[in-house]
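Since the structure comes first, as structure tokens, the remarks are kept for the end.
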Amino acid sequence: QVQPVESGGGPVQAGGSLRLSCTASQPIFRQYPIGWFRQSPGKERELVASISYHGKNKYYSDSVKGRFTISRDNAARMVLLQMDALKPEDTAVYYCAAGEGRWTDVDLYDHWGQGTQVTVSP
């Protein structure tokens with residue numbers, strides 16, 4: 001079992017940057033692909049970025065490609081989501097999730113954090 005914990009959300013103006021962190025106390029965290037999802041009211045949950053357990057493979061949704069960067073430091077049991085050039089439409093609750101399998105398979109993620117709110121003002 002692994003329990004991800006997110007941090008780093010908050011308010012920001014359009015064009016600004018935020019960095020989200022996902023950590024877990026369990027060493028097994030290092031063995032899991034990690035995905036960052038987001039959900040805003042009235043919209044389906046969206047996988048915006050994910051990374052394989054060793055960090056060599058990454059996925060970005062078209063909506064964030066070129067603006068968001070995912071990385072991981074397994075020694076620190078941490079996955080980061082650097083978000084640049086933020087837009088109002090990036091406003092959502094962002095969730096970190098872990099699971100076993102391929103990092104692009106949204107159905108594999110079954111260990112979820114509580115989420116962190118990101119609010120981008122015009």
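Note that this is a predicted model, so its numbers are computed, not measured.
A search for side chain to side chain contact (heavy atoms under 4.5 Å, CB included) contacts involving V106 returns F37, L47, not counting sequence neighbours. Listed by chain and residue number, D84 satisfy the side-chain hydrogen bond (donor to acceptor under 3.5 Å, both in side chains) test with S17 (two or more places apart in sequence, or in another chain). Take A14 and apply the side chain to side chain contact (heavy atoms under 4.5 Å, CB included) test, not counting sequence neighbours, and it matches P88, V120. Taking K65 as the reference, D62 meet the side-chain hydrogen bond (donor to acceptor under 3.5 Å, both in side chains) condition, with sequence neighbours excluded. Scored by the side-chain hydrogen bond (donor to acceptor under 3.5 Å, both in side chains) test, S7 finds no partners at all (sequence neighbours excluded). Residues passing the side-chain hydrogen bond (donor to acceptor under 3.5 Å, both in side chains) test with Q13, sequence neighbours excluded: none.
Every pair tested for ring-ring contact (aromatic ring centres under 6.0 Å, His included) that includes a residue from residues 39-98 fails, sequence neighbours excluded, so the list is empty. Listed by first and then second residue, the disulfide bond (SG atoms under 2.5 Å apart) pairs that reach into residues 46-87 come to none, sequence neighbours excluded. The stretch residues 96-113 participates, sequence neighbours left out, in these side-chain hydrogen bond (donor to acceptor under 3.5 Å, both in side chains) pairs: Q1-H111, R102-T104. Applying the disulfide bond (SG atoms under 2.5 Å apart) test to residues at least two apart or on different chains, the pairs with a partner in residues 31-122 are C22-C96. Counting only residues at least two apart or on different chains, the salt bridge (Lys or Arg N to Asp or Glu O under 4.0 Å) pairs with a member in residues 32-47 are R38-E46, R38-D90.
Q82 contributes no side-chain N or O that, together with a main-chain N or O of R19, makes up a donor-acceptor pair within less than 3.5 Å.
Summarising the local packing, CD of E89 is surrounded by more than 12 heavy atoms from other residues, nucleotides or ligands at distances under 6.0 Å.
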Using a 3.5 Å cut-off and no angle test, enumerate the donor-acceptor pairs between side-chain atoms of residues 23-35 and protein atoms at least two apart in sequence or in another chain.
| residue | atom | partner | partner atom | Å |
| --- | --- | --- | --- | --- |
| Q26 | OE1 | Q3 | N | 3.2 |
| R30 | NE | N74 | O | 2.7 |

